[in-house]
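Remarks on the structure that follows.
Every number for a ligand or one of its atoms is a count from 1 in the order of the listing. It should be emphasised that the depicted structure is a prediction, and the values quoted were computed from it without experimental measurement.
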Amino acid sequence: MRIVKLISETQSIISEYKANGKRVGFVPTMGALHKGHLSLVAQSKRENDITVVSIFVNPTQFNNLNDLKTYPRILDKDLDLLSEYEPDLIFIPEAEEVYPEPDTRVFNFGDIEKVMEGKNRPGHFNGVAQVVSKLFDYIRPNNAYFGQKDFQQVAVIKQMTKNLELDINIVACPIIREVDGLAMSSRNMLLSKVERKNAAKISETLFKACNLVPDFSVSQLKEWVIAEINNNAYLEVEYFEIVDDTNLKSIEKWDDSDNRIACITVQVGKVRLIDNISL
Ligand code: PAF
């Protein structure tokens with residue numbers, strides 16, 4: 001398990017792997033690792049000769065300065081967890097090297113970035129695309145692994161890969177949940193004990209919602225989910241959308257799409273959590 005900070009050193013190690021015909025899997029992360037991240041590492045190890053993990057809290061994707069400040073940074077624990085999975089290379093670049101000058105690139109993802117997270121966190125996906133395109137350029141992976149919890153992020157990254165004509169396979173991996181159903185997230189560790197307990201209501205409601213299709217109409221189900229969650233004093237729904245999983249357009253009736261996904265963002269105290277489920 002090599003730990004490297006410099007971009008040039010990372011690039012030369014990767015070139016050597018490539019020269020030896022190795023297939024490279026890449027797991028980009030912002031650290032504060034949990035079992036969700038580790039499942040991506042495990043999958044990459046199964047499917048590639050070499051697995052590279054990056055840990056970099058990317059400043060350009062935070063539209064809220066306080067969110068960037070409070071984002072958990074626990075590198076020693078992250079390295080400990082990763083040592084059990086033994087990725088070949090851990091890349092931990094410095095912000096000054098990734099962004100020697102402000103990145104002014106503006107990406108266009110069409111309609112898929114205009115809804116949900118894109119609408120509620122202006123500039124977020126542009127920042128994600130800035131950093132992921134840079135990381136892809138340094139690592140040049142064959143496969144890159146992302147968690148399906150960030151469903152819209154996966155759609156945006158697939159679109160970016162297509163727009164930039166990169167020969168990289170984007171692999172979406174299943175959401176990993178806590179025993180009580182809460183989707184694993186680095187932000188969960190920012191919840192107080194009582195918030196953490198109540199946060200389980202989010203996934204519990206999504207699971208119940210699955211059983212109400214098609215008896216409830218789309219609008220009835222939306223109202224029901226929002227009311228159910230907002231009924232809990234610790235939770236406040238920011239948005240709940242039911243969309244087609246390819247074009248991310250909201251559906252109005254169940255027949256509008258064969259592949260429907262329900263996406264939710266909930267404010268739990270100061271912490272913003274997202275989750276989704278196939279309906
Ligand atoms: O999903 C994340 O952790 C981040 O958005 C990513 C993909 C590592 C880019 O900073």
Do Phe125 and Phe109 have their ring centres less than 6.0 Å from each other? no

Whether over 12 other heavy atoms sit under 6.0 Å from Glu97 CD: yes

Heavy-atom nearest pair, Pro87 first then Val53, reads CB-CG2, 3.8 Å

task: Assign the ring pair Phe62 / Tyr71 to parallel, tilted or perpendicular, where the plane angle (0 to 90°) is split at 30° and 60°.
output: perpendicular

#### Entry: Asp67 and Arg121: CA distance, side-chain angles, deciding distance, salt bridge (Lys or Arg N to Asp or Glu O under 4.0 Å) verdict
CA-CA 12 Å; Asp67 194 19; Arg121 299 182 71 189; 3.6 Å; yes

Exercise. Does His37 reach the side chain of His34, with side-chain heavy atoms less than 4.5 Å apart?
Worked result: yes

For a distance cut-off of 3.5 Å, show me each N or O of ligand 1 paired with any protein N or O, plus the separation.
from, atom 1, to, atom 2, distance (Å)
ligand 1, 1 (O), Gln153, NE2, 2.8
ligand 1, 5 (O), Gln61, NE2, 2.9
ligand 1, 5 (O), Gln153, OE1, 2.7
ligand 1, 10 (O), Gln61, OE1, 2.6

